[in-house]
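Working notes, structure below.
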2 protein chains.
Amino acid sequence: MDNHLSSVKNSCTLLKMFLDSPKEMGVSELSRQLQLSKGAVHKLLATLESEGFIKQNPTNKQYSLGYTLLELGNKVLKDHNLVEFSKQYLQRLSDTTQELTCLCVRDDYEAIYVDRIDSKHPIRFNVDIYRRFPLYATSAARAILAFQEPLFIESILSSGIRTYTAYSMKEPAEVKKRLDIIHANGYEVSENMRNVGVMGIAAPIFDTNGAVNASISMIGPANRVKPSLETMIEHVTTTAREISAQLGYRG
Amino acid sequence: MDNHLSSVKNSCTLLKMFLDSPKEMGVSELSRQLQLSKGAVHKLLATLESEGFIKQNPTNKQYSLGYTLLELGNKVLKDHNLVEFSKQYLQRLSDTTQELTCLCVRDDYEAIYVDRIDSKHPIRFNVDIYRRFPLYATSAARAILAFQEPLFIESILSSGIRTYTAYSMKEPAEVKKRLDIIHANGYEVSENMRNVGVMGIAAPIFDTNGAVNASISMIGPANRVKPSLETMIEHVTTTAREISAQLGYRG
DNA sequence: GTTTAGTGTTCTCTATACGTGAACACTGTT
DNA sequence: AACAGTGTTCACGTATAGAGAACACTAAAC
């Protein structure tokens, strides 16, 4: 890395530190985590505040993220027309299955849910929207990963695997095998992988060039999903095919 | 400004330049707008890209906003508990009026809609969420401005007023007079101010200290709102009062 | 095919703006 | 009253950010 502007890099990591922290943080705490002098952090914060990226609470002097980030985040979503595009299909899938449905996209080496429609059932499962997770971690992500270049898959799996439940896959080879199955079937069904008692069904979305960078998925309690598993899979895969077709994919 | 870290300031304005531009922009265009050398902008972009704040399209080499901004924007919303707090009230107001309802907050010298529930009618009005606008521009904003310090109001109005329609108020004095009325009534009703044929009803939300930094509003076509104007106003004001009470306001 | 005008990228170099570290003014606690 | 924590300010030297030119490439123009 010789193309890094240190102060810019610092402000970026500073902002991202708020993601896994409580709403407000002070200069001292931030300087400790950033391993930067208090004075430097203070200057960083002052600059970011004048630009609306950071807000200072006048009473306790603590800092928090500013509204400008809301504006920018919303612009990202607006520009990402796949979300608008898929919304109606996602809504219909939600109506027919009555379960949580998600739109997932790949961002480099990670996956993000960019849209979600909650289940109508009183007992329902939830996912964090806009949070990153590994490409092998959820059914939605695996439905994307399974259709990437072999070398890419290799590089993802070689860097090690985190397990979430006792039922999670532990070995990269195990994941690779499953990805092959997904590739052959054209969809993924998983149970207990990320959360116990939860089933996920996911299918890839192909763009004009036949590349897969997104997927749709349906997530629900196993006892509710299993009885009608076959029709559920049918609904998910056809929805994904419809979106792919709309994007110009001729498979 | 002697507390400005130039490169940080530059990266902030660079990111904000995307707000009013098409999805993708190139180095040259950005360097022209920023009035910075191409080399410098390129380094800025490279740093921001490595942090996920910017994304480069591999085919046309153009740059766009990155998904990390989505994450950060969502965190802002999550931390802003007024939104979660008010959601049920906003939903109920939407159910009873069947019109677009909004939650508006003040951010320094501007206003932002931070939540919105769309009207169920086929013909409906829309507002941009998370975009800033002046504190005198919409009924929701004026419902906030009317309850600020006189000196603050003065400073807002003295910097000039932008008009949106032929019916918009043109003189600061005119706005000041209306703010006094809002303050006396405890709510605002406007027509044709921002968009012709559109009516807005807004009422302030008071926090524990009696300060107003938010408002709720109902927006709809004049022909649909006017016939039952009195009951509509009643619904909006009582909802605002309920939220204020929940926040600890004892008026 | 060659020219041209645009692009994004890479390079060197120097003024300067960044980050350090210490001192400051507070606050609430011991 | 001493203390330990906070956020803020400042002067100083060195790393570095930004300028500006050269580069590689593309796509249109002749």
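Here is the naming used below: chain letters follow the sequence lines, and residue numbers restart at 1 for every chain.
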Sequence neighbours excluded, the answer for salt bridge (charged side-chain N to carboxylate O under 4.0 Å, His left out) partners of Lys87(A) is Asp115(A)
Would the number of heavy atoms belonging to other residues, nucleotides or ligands and lying under 6.0 Å from CD of Gln91(B) be above 12? yes
*Hey, does the side chain of Arg32(B) come within less than 4.0 Å of dT7(C)'s phosphate (OP1/OP2), counting only N and O?*
yes
Leu45(A) CG to dT9(D) C1', in whole Å, measures 15 Å
Parsed dot-bracket for DNA chain D after applying the Watson-Crick and G-U rules with both distances under 3.5 Å and | for other-strand partners is ||||.|||||||.|||||||||||||||||
ring-ring contact (aromatic ring centres under 6.0 Å, His included) pairs touching residues 12-53 of chain A, sequence neighbours excluded, are none
Glu24(A) meets the salt bridge (charged side-chain N to carboxylate O under 4.0 Å, His left out) criterion, sequence neighbours left out, with none
For residues 27-37 of chain A, which side-chain donor-acceptor pairs fall under 3.5 Å, sequence neighbours excluded?
unit_1   : atom_1 : unit_2   : atom_2 : d
Ser31(A) : OG     : Ser28(A) : O      : 3.0
Ser37(A) : OG     : Ala40(A) : N      : 3.2

Within the structure, does a side-chain N or O atom of Gln62(A) lie under 4.0 Å from either OP1 or OP2 of dT6(D)? no
When rounded to whole Å, the CD to P distance for the pair Glu49(A) and dG7(D) reads 13 Å
Residue set satisfying side-chain hydrogen bond (donor to acceptor under 3.5 Å, both in side chains) with Asp107(B), at least two apart, ordered chain then number -> Lys55(A), Arg132(B)
Residues Glu154(A), Lys176(A): salt bridge by 4.0 Å N-O rule: no
Rounded to whole Å, the CG-C1' distance (Asn60(A) to dT27(C)) equals 12 Å
B/S/- along nucleotides 16-26 of chain C (protein heavy atoms under 4.0 Å) is --SBBB-----
Within residues 13-30 of chain A, the residues having a heavy atom closer than 4.0 Å to DNA chain D are Gly26(A), Val27(A), Ser28(A)
Residues passing the salt bridge (charged side-chain N to carboxylate O under 4.0 Å, His left out) test with Arg131(B), sequence neighbours excluded, are Glu71(A), Asp20(B)
Establish, with yes or no, whether the OP1 or OP2 oxygen of dT6(D) is under 4.0 angstrom from a side-chain nitrogen or oxygen of Tyr63(A). no
Sorted by chain and residue number, the side-chain hydrogen bond (donor to acceptor under 3.5 Å, both in side chains) partners of Gln88(A) (sequence neighbours excluded) come out as none
query: Quick one: is Gln56(B) getting a side-chain N or O under 4.0 Å of the dG8(C) phosphate, OP1 or OP2?
result: no
OP1 or OP2 of dG7(D) less than 4.0 angstrom from a side-chain nitrogen or oxygen of His42(A), does that happen here? no
Taken in chain and number order and not counting sequence neighbours, the residues that satisfy ring pair (Phe, Tyr, Trp, His ring centres under 6.0 Å) with Phe152(A) are Tyr109(A)
Hits for salt bridge (charged side-chain N to carboxylate O under 4.0 Å, His left out) against Asp79(B), two or more places apart or cross-chain, chain-then-number order -> Lys75(B)
